[in-house]
Every structure is written in C-alpha cells, then in structure tokens.
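Worksheet: one structure, shown below.
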Amino acid sequence: MNIKITLPDQSVREFPKGSSPMDVAKSISEGLARNVLAAKVDGEIQDLNRPLEQDAQVTLLTWNDADGKNTMWHSSAHLMAEALEFYYPTVKFWVGPPVENGFYYDVDFGGIAFSADDLKKIEDKMAELAKQGNPYVRKEMSKADAIQYFTERNDPYKLDLLSNLEDGKITFYTQGNFTDLCRGPHIPNTSHIKAIKLTNVAGAYWKNDSNNPMLTRIYGITFPKKSELEAYLTMVEEAKKRDHRKIGKEMEIFTFDDDVGPGLPLWLPNGGVLIEELERLAKKTEAVAGYKRVRTPHLAKESMYLTSGHLPYYADSMYPPMEFEGEKYYLKAMNCPHHHKIFKEMNLSYRDLPLRLAEYGTCYRYEQSGELFGLMRVRQLQMNDAHIYCTKEQFADEFNAVNDMYLKYFRIFGIEKYVMRFSTHEPSKLGQKYVDNAALWLETEDMVRNVLIESKIPYVEVADEGAFYGPKIDVQVWSAIGREFTLATNQVDFAVPARFGLTFRNAKNEMETPICIHRAPLGTHERFIGFLIEHYAGNFPLWLAPEQIAILPISDKFNGYAKKVLQVLINSDLRGLVDDRDEKIGKKIRDAEMKKIPYMLIIGEKEEQENSVSVRQHGKGDQGSLLVQEFVDKMQAEIKALLSV
RNA sequence: GCCGAUGUAGCUCAGUUGGUCAGAGCUACUGAUUUGUAAUCAGUAGGUCGGGGGUUCGAAUCCCUCCAUCGGCUCCA
C-alpha cells in the first residue's frame, strides 16, 4: 500500500507505507540524502528514520533551514554530554537545548572543578566521537520504566523532568555511549558534526530561578564544515571591533572611573556632542508634535513613591534613601511621578488635553552589580521621556502619533530591523506584580492591540511582561553586530494617575481621570548612544559626528590659513579642528581617518591662494577642491538632507 | 546578587618554573625636519604591576580578602 507525500513545491510522490523521510530524500537525490538533517512532517519536526504511516506534507530540513540547524545543535549538545560523561562519569545533566548561536547543556558537576581550561579536551573528545558517526537511536519507554531508570542512576534532574511528562510520550535517545531522556528529534548520526567550538562556561540557575542552586552551563557551536566555523569565528572577531565599549574608548566618547562608581558613565567632550545633537533633534521633534518641556528634581520624598506605588515594586532597584529633616528622600528612578505632580498643579479641562510633558530626565537605578554592561545597563541614565495625558477618546490618536515618531527616528538613523513587543499582564498575578483591576487591564490591552492592528504595525504579543500599571510596547532593535536592544518604550498607564488623584474637567463638567502614555522613543542617552556606536561602527553621520571636519595644513606655513577656515566653519555651525602638529600630511590624514572624522580638508599653498580647500572624505579618499563657502554650503545641505527624511 | 575568568605606563600588550622583570609599540613632551592625500627621524617623560593583608631571605609572579571589568544566570519601572 502506498502513501502520498507532498513536497514543499507541491509535487506529490508515492511511497510504500512505512517509508521514512530519508527514503524520500534518497528518491530526490543522493546529495540531499547526504545532507538532510531532519524532516518536517505535517508541521512537526521528526527524525529522518521515523516511518511515515499516512499521506503527509514533508519538508526535508538541511543546514540551510533554521530547524535543521537547531536539530543539529540539539544533537551536538548530546554529543557534548557524551564527551563530558567520558571524563566526568558522575556528572548529572539538566537540559541541553539549541539556542541562537549554537547550544548549551546545563550540568551539575557535583563539586568537581570545571573551567574554560577544560573545554579543549571536551572539544577534542567530541570531535573524536563525531568521527565515529554513531547514529542517534530513538527508544520509547513507559513512564514507570523511565522513573526506575533514573532512580537507579540517582538522577534528580531527569526525574524532575519526567514528573511533568505524560506516560506514553516518553522517549530516550542514545548515541555511542550516551543515553538521555529527550523528546528529539535528532540528526541521523554524529558524522554531520564536522567543526566544533565550545565557546563559554558560565553559571546558570536551575530552572532559571535565582532561588535554586546554580548549575554549570557550557555553551558551544558546531558546523557541518570547518570553513563555516572559521567564518563564524571571524564574524565574532569583527563584532568585537564594533563593540561600543571599545570604540567608545578609542573615540573618547565615554569612560567609567572607579572613584565615580560602577555604572556611572563620564561623558567626554565627544560624547557631550552626541548628547547635545540627539537632544537637539528630540526637542525639535517634540516641539513640532506639541510637547511642552518641564524640568524636575533628581530626588523626591518617600511619600511620593508610596503614592505612585513604585516603591513597593521597585525598592530593591532604587538607591537606598537619604534621610534628613526626619524625611526619607529617594533619587528618582523614573520621571512619571514628578510629571504627575505637574499635571495636578495645572488644573486642566478637557479643552487642554492632550497635555504632553517632556523632559530629558536624569534617573538613578540601583541595578545589580552583575547586570552592569558598558553603556547598555548603567545606574545613571537620562531618558528621552515624556508623559502624555489624554482622554480615552484621544488615546488611539496619541498612541499612533507616538508610533509615528518612532518610525521617523528609525528612518533618520537607518534602523531597518525592529520588532514591537506588546507586553500584557498575567491574570493570576493581579494584586502582586500588577495593579489589581482586571477589567481595566483587559480594556486597555484591547485599546493598544486595536491601535497596533489598525495601523498595521508589526508586533509580537508577550504575556506577563507588562509594567505594573499597564500594558506596554517595547521596541527591540538589533545593532550591526547582532546585539539585541530594547531601545524605546511606549507604556499605557491607567492606574497611577488615579493614585495621584489626577483629574480634568470634562465637557459635562464632571471630573474625570486621564490616561497616561509613558513614552521614550530614543530610550536613554546611555543605551541609545551605545547602540549608535555599534550601529555605525563609530562612523557617525555628519550631523552627529563629534568632530565633523579635520583641517590638515601641509606644513606650519599654512596654519594661519587653516585657522581662518576653522573660524568660517564654526561661524557656520560646523564642528572642526586644525591639526597643526609638526607632522607630515600622510600622518595627519591617517590619524584623522582613524578618528573616523567624516571630512578632511587638506590645505597648502594652492588652497590659500584660491581661498579653497582640498576635500577628502572619510573612507572615500580625495574628493577634489572646493571654495571654502562652497564646502560650507555642501556640509549644511548634507546635514539638512540627513535630518529631513 | 549568583557562577566563572580577568586586572602590568593615557592606549594596546610582553613579562617563561618567585631571584637586574618593571619592558615594547602607540600617545604625550622636546629637538631636527617644512612636508600634497593612511605612520619622517632622534631624544625625554610616564607604572606602589587594581587596593589591602599574608607566605618567603626575596612577590607583578604563590595564598587570602576587597574592588572593578569581562562572559553568562537572575533582574530591568
């Protein structure tokens, strides 16, 4: 009896019942049969040797498919476990899944020391085992037998996994001398794993819960070809060169100092320019969008954070209070309560709404020491913050306007890859993690979801990630080196305005509580500049570049003319410098190129006589000569073009 | 906060088993050179080897501890 197998191109082939996906692969080509790693059968990923019992849609997965990669990496985790067990027979294993770049396995070494130095021998053993080409053999087992198996082996981790599994669905996989409880699927045999790199060893809490003991997590990555591993390692090296911490130091943008304290960045003059330019852009954009600017103190009394409700939720991550005059004062970790106080003071009617209060507010958050990370996670941050107070009827328009502002910024900065994460609440945590008002949560989440759908904004919805006062949207972006950032945030607050007793007079002369939108399209200066450094690899667009133009006299005879040119630039709102060191022009050019200065003006006798400059562009070389005024016009036109998109 | 690693001039790094091991290049400064599109030459200066304790005749090197950073975990209003 035959079954009909439909392939991705919609072609249909017949096979005897009980044929395997591998048989399908063989029928297509020998090469495919050699390279295929797993199969997707009616949407489910399976081993290649599982018999097909009925008509099915079959996609054969290779290294070029994400699912194929993941299958191989999952199998690689098993291979690593086999190698670990060879050297450390007493270790116990938790789980070993594939991840974005490779795989890991969580291991309990039971007190045996294991460090990065030990990775090499595991790697070598893996390579040796991989060459044996051992098949991954699937075996079904009853729950009772599985429990007995792991009880005999005294393995609390696998017993814990078993406790959540249903009888009749329990499978084991064996390759070589290693057997593991595993749902699969796996690649046919270990010989597909041709290049192996164990990248990292780190601690990881069991079940990702910080109350649990810590296991040793070993990360690795494998490839079907040695050349792909080499390419991957090269890419990692390239990524390191773009790291904002490295470029930030080289370009003198920011620094940290032990005496100032961890997570407290010092902005050097070049960083100061970046901040000034970003703020100029934000303030202009917000002014056009009808925002009003306010300024508020860096600290406030405990009572305000009790009113806002932040303190019970976030006391651990706020700096401890200062106590004086019998009062506790906290450094602010957020600007909203201060802004709420301003709203309250303003005594508004519906005619005054929406009210949009903006501030580049400086906040302090006591992030755990292990979380600090360059400019990305710091303890002092300055937010592109604003709070929009509006009526329910105005909500959709306001929310949309905020999203439009995001998109405008994305265009200016050339951010093409982004995802909006829509975070909602978890009903069982009302009253703990979330303010206890089920109806309002659902109503507000619907409002946000509807806006997202109606305006066709791509988003993913994640449960149990909301702020305590309402649902939120986080904008995830990726820097050029693949690092993921939560850049912007857009949050709905239906709870805190009421806690502050914020009201406006509506058209019926009744008092009504406004909805508040918290939004920060440019996130914080710290994280945004960190992102931009990696995004541009330090090659900032002209308008943003800390030094825009380096004037390089051929010899000190032309320093006078160079300084005159500089004055013209400064008077035209351009930033420049004169390199009047006693160096040859080649050296000056090299240094300016290394500093990633967008334009260099080489000047000598000819230029001085003509009142011109010889223009060189960073990374592009000689661009010919222009009169000084022509060059200024060109710069101003370029900046205007970059900002008006 | 937890697990692991790292910490030598402003920067990037050498310093083998504890004994002229406190070094190099770049930067800076001084002098010579007066230069045409990615490194001119020479000289000078610069470090309690992250801080503190300990072992030793002797510690950058071994041990303890604290701090910071890095890779993860947890967390992120």
Side-chain angles (χ1 to χ4, degrees), chain A residues 99 104 106 109 113-118 199-219 240 243 245-246 249-250 252 255-263 305 308-311 313-318 332-337 363 365-374 376-378 381 383 385 433 465-470 472 474 486 489 491 493 496 518 520 527 552-559 581-595 600-607 614-624:
Chain A
V99 290
Y104 67 78
D106 280 348
F109 277 89
F114 185 86
S115 77
D117 299 336
D118 301 308
T199 48
N200 192 12
V201 40
Y205 294 112
W206 182 39
K207 296 185 179 180
N208 290 339
D209 184 336
S210 57
N211 296 312
N212 283 338
M214 197 157 244
L215 302 174
T216 303
R217 176 170 295 180
I218 305 173
Y219 286 89
K240 278 186 192 160
D243 190 301
R245 292 165 296 188
K246 182 174 159 64
K249 181 178 274 185
E250 287 166 355
E252 300 182 332
T255 189
F256 290 94
D257 182 276
D258 281 1
D259 266 343
V260 176
Y305 298 111
S308 72
H310 283 95
L311 206 48
Y313 287 93
Y314 300 113
D316 286 349
S317 45
M318 289 173 74
K332 69 174 169 185
M334 70 300 288
N335 302 302
C336 29
C363 298
R365 295 180 181 179
Y366 183 65
E367 304 283 2
Q368 296 182 56
S369 59
E371 261 110 51
L372 300 175
F373 174 69
M376 301 309 168
R377 280 295 281 280
V378 288
L381 41 105
M383 262 198 281
D385 212 358
K433 189 173 170 185
E465 297 268 320
F468 79 86
Y469 45 65
K472 65 173 181 178
D474 289 317
T486 301
T489 178
Q491 307 176 352
D493 183 347
V496 183
H518 304 232
R527 189 173 290 188
L552 314 177
I554 295 288
S555 83
D556 61 10
K557 287 184 213 156
F558 312 106
N559 285 352
R581 292 175 305 167
D582 189 5
E583 292 287 353
K584 295 175 79 164
I585 192 66
K587 170 71 166 166
K588 293 183 183 183
I589 287 169
R590 177 184 157 80
D591 287 349
E593 290 279 3
M594 303 274 280
K595 285 161 80 176
M600 286 148 274
L601 302 180
I602 288 103
I603 57 178
E605 193 173 358
K606 175 169 163 279
E607 286 75 15
S614 174
V615 181
R616 183 187 166 98
Q617 196 169 358
H618 172 53
K620 292 186 180 164
D622 196 346
Q623 305 287 303

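Remember, it's a predicted structure, so these values are computed and weren't measured experimentally.
Counting non-hydrogen atoms under 4.0 angstrom, A:Glu607 reaches a base of the nucleic acid. Looking at heavy-atom distances under 4.0 Å, A:Tyr469 makes contact with sugar-phosphate atoms alone, never a base. Residue A:Ser555 is classed as a base contact, given a heavy-atom separation below 4.0 Å to a base. Residue A:Phe256 is out of contact with every strand shown, counting any heavy-atom pair closer than 4.0 Å. Contact annotation for A:Gly586: backbone-only contact, meaning every heavy-atom pair under 4.0 Å involves sugar-phosphate atoms and none involves a base. Among the atoms of the strands shown, none is found under 4.0 Å from any heavy atom of A:Phe114. Within the nucleic acid shown, A:Asn211 has no heavy atom closer than 4.0 Å to any nucleic acid atom. Residue-level contact check: A:Ile554 touches the bases, meaning some heavy atom is under 4.0 Å from a base atom. Looking at heavy-atom distances under 4.0 Å, A:Tyr313 makes no contact with the nucleic acid at all. Across all strands, A:Arg377 comes closer than 4.0 Å to base atoms (heavy-atom distances). In this structure, A:Arg217 reaches the sugar-phosphate backbone alone: every heavy-atom distance under 4.0 Å involves primed, P, OP1 or OP2 atoms, never a base. Looking at heavy-atom distances under 4.0 Å, A:Asp258 makes contact with sugar-phosphate atoms alone, never a base. Among the atoms of the strands shown, none is found under 4.0 Å from any heavy atom of A:Phe468.
Rounded to the nearest Å, the gap between the P atom of B:U56 and that of B:G15 is 29 Å. B:A59 and B:G18 have their P atoms separated by 13 Å, with the value rounded to a whole Å.
One atom, CD of A:Glu371, and another, P of B:G71, lie 13 Å apart when rounded to the nearest Å. With rounding to whole Å, A:Lys584 atom NZ is found 10 Å from B:U34 atom C1'.
The partner of B:C41, taking Watson-Crick or G-U wobble pairs whose two distances both stay under 3.5 Å, is B:G31. Across all strands shown, B:G46 forms no Watson-Crick or G-U wobble pair with both distances under 3.5 Å. Figure legend. B:C75 is base-paired to no nucleotide; pairs are counted as Watson-Crick or G-U wobble with both atom distances under 3.5 Å. When both distances must be under 3.5 Å, the Watson-Crick or G-U wobble mate of B:C11 is B:G25. Base pairing analysis places B:C62 opposite B:G54; the two distances defining the Watson-Crick or G-U wobble pair are each below 3.5 Å. Look at B:A68: its Watson-Crick or wobble partner, with both distances under 3.5 angstrom, is B:U6.
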Where do A:Glu605 and A:Phe558 land on the side chain to side chain contact (heavy atoms under 4.5 Å, CB included) test, with the steps shown first? CA-CA 7 Å; A:Glu605 193 173 358; A:Phe558 312 106; 3.8 Å; yes
Under the side chain to side chain contact (heavy atoms under 4.5 Å, CB included) rule, what do A:Glu593 and A:Met600 come out as? Steps first, then yes or no, please. CA-CA 8 Å; A:Glu593 290 279 3; A:Met600 286 148 274; 3.3 Å; yes
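Using a 4.0 Å cut-off, no side-chain N or O of A:Arg527 falls inside it from OP1 or OP2 of B:C76. An OP1 or OP2 oxygen of B:A77 is reached within less than 4.0 angstrom by a side-chain nitrogen or oxygen of A:Lys472. Look at A:Asn208 and you'll find a side-chain N or O under 4.0 angstrom from OP1 or OP2 of B:U74.
Residue A:Glu250 places its CD atom among more than 12 non-hydrogen atoms of other residues, nucleotides or ligands, all under 6.0 Å distant.
Donor-acceptor pairing under 3.5 Å, judged by distance alone, is absent between the side chain of A:Arg365 and the base of B:C75.
When atom types are taken as modelled, the side chain of A:Asp493 and the backbone of A:Val496 share a donor-acceptor pair closer than 3.5 angstrom. A donor-acceptor pair under 3.5 Å links the side-chain atoms of A:Lys588 to the main chain of A:Arg581, judged by distance alone.
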